[in-house]
Amino acid sequence: MKKGDHLFLVDGSAYIFRAFHALPPLTRKSDGLPVGAVAGFCNMLWKLLREARDTDVGVTPTHFAVIFDYSSKTFRNELFSEYKANRSEPPEDLIPQFGLIRDATRAFNLPCIESEGYEADDIMATYARMAEVAGADTTIISSDKDLMQLVTDHVSMYDSMKDRQIGIPEVVEKFGVAPEKMIDLQALTGDSTDNIPGVPGIGPKTAAQLLQDFGDLDTLLERAAEIKQNKRRENLIEFADQARLSRQLVTLKTDTPIEIDLDGLRLEPQDGPKLIAFLKAMEFNSLTRRVAEATGTEAGEVDAAAVEIKAGSAARGPDLDKGQASDPVRVEASSVAALTPKALAAKRAEAAAGANFDSDAYVSVRDVETLDQWIADARAAGVLAFSSQTNSLDPNQAELTGFSLCSTAGKAAYVPLDHKSGSSDLLGGGLVEGQIPQGEALGRLKALLEDDSILVIGQDVKYDWLVMRRHGVTISRLDDTMLMSYVLDAGTGAQVRESLCDRWLGHAPIAYKDLAGTGKKALTFDMIDIAAATRYAAEDADITLRLWQVLKPRLVAKGLIAVYERLERPLVSVLARMEARGISVDRQILSRLSGEFAQKAAAIESEIFDLAGGSFNIGSPKQLGEILFGRMGLPGGSKTKSGQWSTSAQVLEDLAAEGHELPRRIVDWRQLTKLKSTYTDALPGYINPQTNRVHTSYSLAATTTGRLSSSEPNLQNIPIRTAEGRRIRTAFIAGKGNKLVSADYSQIELRVLAHVADIPQLRQAFADGIDIHAMTASEMFGVPVDGMPADVRRRAKAINFGIIYGISAFGLANQLAISRSEAGEYIKTYFERFPGIRDYMDETKAYAREKGYVETIFGRRAHYPDIRSSNPQVRAFNERAAINAPIQGSAADIIRRAMIRIENRLDASGLAAQMLLQVHDELIFEAPESEVGRTIAVVREAMENAAMPAISMKVPLHVDAAAADNWDEAH
DNA sequence: TAGAAAACGTA
DNA sequence: GTACGTTTTCTAG
């Protein structure tokens, strides 16, 4: 166990008593066996394991154990024979549940820990202190005040029934003393339920006051004579020994003998079939369904486990007496129930590969009664593959044409809502008969898709989310097969429907263009014949469900479910909301700029023609090459891969530096026409007529490293480097009464490098907040930071960037316009000064070669199958990419984590700010003018701590933030 | 008309 | 030297 890990300790014995009294009685349906406390326990464990991040605990466990009392006789009875002597027998209905709760723990694949002669509290105390020594954090799932003495900066408690975290401030608030004083406080007050005597007449309030006045128990007892109140003074003197005994009784042992060490508590993947076998035996139907869906297990294929219930006194679990630990769940050796996650994933893949698609079996739903039947089926299944069909690719404009449903493989339906008849018809464009009125269908859909007990599965579900939201429906629980595939296979190919379908299901789905045609004449979906639309759309949902059945268990088997659930799935709705908001763009500014750029470009154009001695298409590199290197006879630089002379800016700049005028002008012309065509002319066309804002589309699954990408329009490449380009940013403006807030990570990739490669000088420099490039230059060239020439720093900066990109002498030489041998010398010097970087690079390359992928610090994988290529160029390229991916990808993961948290943080602070854009290391918000300061504080806090608690970075993250009326000034 | 190539905007 | 998306030109069909 190490720093950054998080141990969860569940106080099993306390939980069962509390649940028994707090929860409504529940009996197993078939035989009336009382199982209410077991049900509560299972639900809590499931919630902790699956949704820990959504609760106030705010963290996800890496280690996990459930601790029980073993027997009622412990070492405390030797200190004080009356300890817990007044405990009465547990209720009859609770007795059989003691054994079951242990069975449940094992079914969850969790360690079930108890120790003879010790209470659960002592075992938890021991583990918590061990974890603290290891630098890890602990959360104790209990609200028992006896455990509050354990609370520190690294140990907190969590009351699962009230969803409340108990840290140092909460203890102080409740008892008026810090956690470490709880022992003294309990020694004074005693505890009637445990029969701990304490000092008569002293309750919690008095005890807290006394401890505040005197510091601790020993001092208090020594100086008891100073107390003014007669009775209190006398009692403290008379019962001093009793207080000391009480203190011994309430002090938890932190050196309990431990059989399983901390590493043995590492959280193992959920074993779906094993858990489902137990839940089925308990007849916990809704939890069974949820577990099945989350673990990708087909509940119907799993037999109920044979769970042995001991009746009467024989059932007395170890909670009560010397009894033996009950048998583990005996999962019957049914073929499926015994499958490991790996075997299940393999079995699913095998079954799916031979799947049969029968488009004749698909149904068009044309009346409400039939729709209700399909909805009932979805509810029974608890899962629903859903696909919206629309008349536009733009989810911010699309109207719903119909939707398809599938909850059982092979059984899918299409519900047409807004299909129009063909234009050849005399009354062309009319609604086709026999479609459910949209309002009726949407009402039913809303109830279904917003229901928390239904998991909605989509392929690229962000699109459906946006479309449905515009129709008043907010999809709540979702899974996305595209994102599952991305987590499993980023780097091995596009995560699109067709390739996934071919790869996993061995099936080529109906192509959209076969349905609608292509190009200008392409039909929108509402113009497509309903029979054909049904074959296409129902198949779409069928494919999605089957892919989900294959991919979900695969995520579990590969240990990637956490990456999917923590870094991918929660971002779907976050990004959807950002896209829906859009950003305000000032048409006038763009139009003015466009005119200006056009004028300047025209002027340059005539200069160019004068210099070239005739007109030609300046935008054609081919014609330009002929003029420059043919007609004018300038010395050609490099060639492109198709053998043409390169006319890249680099080549032209070099020629300009030699005093040639034409190349200089070409570069200027290109800059202006680029800005005009890509930005000032194109952006207004993206302004949505309804919202008057520009809505980009983010892709979650487009990059190998985990970065997002933005398109239509791409708002991640708005110019900033040149003064001319920057002016485009002034057109991105805040709405009335608002400001744009820009918050960006400073040097996040170099910080990640310092963390993963663990470079002492880099860590120190970041810790001290000094100029990292200057530090590098100083180390390499021996030049003091003070008064360093700009060029020396520039070279070091290029090297630092080069390192992140998987440096080569060739690339560095190009960048710095120096010889390759000189660049090689620089690199050699760099590695001598920072040997850890070379080690990191070598290790990463070796890892990638062996595994075929590399991982970010959060476990995201990027695949590089070609790293084993026999072609040295291909191999070298893949090696550089593999070196870069953990750095770029970890930074991408960090900002993803920030984005996932930030909405709630703003909300909780009562701030109205809205996140609009992400540009890899920068987030843009729109915030009311009066809240700018507080917004920046909340955003910065969330971004700087985004790696926590999963990873404790070895360098601090730093965020710069500013606000202004437009993006140029805010950045 | 679709797709590749060249160029260039961002982190 | 890493990671992207969009534009224009040019070519192949």
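So you know, we letter chains A, B, ... as the sequences are listed, proteins then strands, and number each from 1. Values reported hereafter were calculated over all heavy atoms of this structure, with side chains retained and with hydrogens, waters and symmetry mates removed. The structure displayed is predicted, hence computed values, not measured ones.
- Atom-to-atom, CG of A:Asn617 to C1' of C:dT8 comes out at 9 Å; the value is rounded to the nearest Å.
- Within 4.0 Å (heavy atoms only), A:Ile720 reaches sugar-phosphate atoms of the nucleic acid but no base atom.
- Residue whose closest nucleotide on DNA chain C sits further toward the 5' end, between A:Tyr805 and A:Leu708: A:Tyr805.
- Residue contacts for A:Ala649: at a heavy-atom cut-off of 4.0 Å it reaches the sugar-phosphate backbone alone, with no base atom in range.
- Within a 6.0 Å sphere centred on CZ of A:Arg794, other residues, nucleotides and ligands contribute more than 12 heavy atoms.
- In this model, the phosphate group of B:dA6 is approached by a side-chain N or O of A:Thr640 to a distance below 4.0 Å at OP1 or OP2.
- What separates CG of A:Asn884 from C1' of B:dA11 is a distance of 11 Å, to the nearest Å.
- Contact between A:Glu749 and A:Ala891 at its shortest, heavy atoms only, is CG-CB, 4.1 Å.
- Using a 4.5 Å cut-off on side-chain heavy atoms (C-beta onward), A:Ile827 and A:Ile799 make no contact.
- A:Ser642 comes within 4.0 angstrom of the backbone, heavy atoms only, and of no base.
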* Report the C-alpha distance between A:Gln716 and A:Gln918 in whole Å, list the side-chain angles of each, state the deciding distance to 0.1 Å, and finish with yes or no for side chain to side chain contact (heavy atoms under 4.5 Å, CB included). => CA-CA 7 Å; A:Gln716 290 180 324; A:Gln918 189 250 41; 3.1 Å; yes
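- As rounded to whole Å, 11 Å separates atom C1' of B:dA11 from atom CG of A:Asp744.
- Here the nucleotide nearest the side chain of A:Gln888, chosen from C:dT2, B:dA7, C:dC4, is C:dT2.
- In this structure, NZ of A:Lys674 is placed 13 Å from P of C:dG5, rounded to the nearest angstrom.
- Distances were taken from every side-chain heavy atom of A:Thr705 (C-beta onward) to each of C:dA3, C:dT6, B:dA7; the shortest belongs to C:dA3.
- When heavy atoms are screened at a 4.0 angstrom cut-off, A:Gly802 is found touching base atoms of the nucleic acid.
- Residue-level contact check: A:Arg707 touches the bases, meaning some heavy atom is under 4.0 Å from a base atom.
- Using a 4.0 Å heavy-atom criterion, one finds that A:Ile804 contacts no nucleic acid atom at all.
- For A:Asn714 against C:dG5, no side-chain N or O and base N or O form a donor-acceptor pair under 3.5 Å.
- Contacts of A:Ala682 with the nucleic acid, taken as non-hydrogen atoms under 4.0 Å apart, involve only primed sugar atoms and P, OP1 or OP2.
- Among the atoms of the strands shown, none is found under 4.0 Å from any heavy atom of A:Ala809.
- Residue contacts shown for A:Arg721 include a base, since a base heavy atom lies under 4.0 Å away.
- Note on A:Gln623: only backbone sugar-phosphate atoms sit closer than 4.0 angstrom, heavy atoms only; bases stay farther off.
- Contact check, A:Lys622 against C:dT11: a side-chain N or O comes under 4.0 Å of OP1 or OP2.
- Using a 4.5 Å heavy-atom cutoff, the side chains of A:Arg896 and A:Leu575 are not in contact.
- Counting any heavy atom pair closer than 4.0 Å across all strands shown, A:Thr673 reaches no nucleic acid atom.
- For the OP1/OP2 pair of B:dA7 and a distance below 4.0 Å, the side-chain nitrogens and oxygens of A:Thr647 include at least one atom meeting the criterion.
- For the pair A:Leu652 CG and B:dA7 P, the computed distance is 8 Å after rounding to whole Å.
- Spacing between atom CD of A:Gln650 and atom P of B:dA7 amounts to 12 Å, rounded to whole angstrom units.
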* Chi angles and distances behind the side chain to side chain contact (heavy atoms under 4.5 Å, CB included) call for A:Leu816, A:Tyr826 -> CA-CA 11 Å; A:Leu816 288 177; A:Tyr826 280 7; 4.0 Å; yes
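- Contact annotation for A:Tyr679: backbone-only contact, meaning every heavy-atom pair under 4.0 Å involves sugar-phosphate atoms and none involves a base.
- No engagement by A:Glu749 is indicated, since no non-hydrogen atom pair under 4.0 Å with the nucleic acid exists.
- Contact annotation: the side chain of A:Val572 approaches that of A:Leu483 to within less than 4.5 Å [non-hydrogen atoms, C-beta and beyond].
- Across all strands shown, A:Ala798 has heavy atoms under 4.0 Å from base atoms, whether or not it also approaches the sugar-phosphate.
- Regarding contacts with the backbone of C:dG5, a side-chain N or O of A:Ser709 is found under 4.0 angstrom from either OP1 or OP2.
- Between C:dT2 and A:Thr704, no contact under 4.0 Å exists linking OP1 or OP2 to a side-chain N or O.
- Between A:Ser648 and B:dA6 there is no side-chain N or O to OP1 or OP2 distance below 4.0 Å.
- Side-chain proximity of A:Arg670 to B:dA7, B:dT10, C:dT2: nearest is B:dA7.
- A:Ile618 places its CD1 atom 16 Å from the C1' atom of B:dA6, with the value rounded to the nearest Å.
- The side chain of A:Gln671 lies closest to B:dG9 when the candidates are C:dA3, B:dG9, B:dA6.
- For the pair A:Phe801 CZ and B:dT10 P, the interatomic distance rounds to 13 Å; values are reported in whole Å.
- The aromatic rings of A:Phe525 and A:Tyr512 lie parallel to each other, their planes meeting at an angle below 30°, with 60° marking the opposite boundary.
- Checking C:dT7, B:dA6, C:dT2 against every side-chain atom of A:Arg880, the shortest atom distance belongs to C:dT2.
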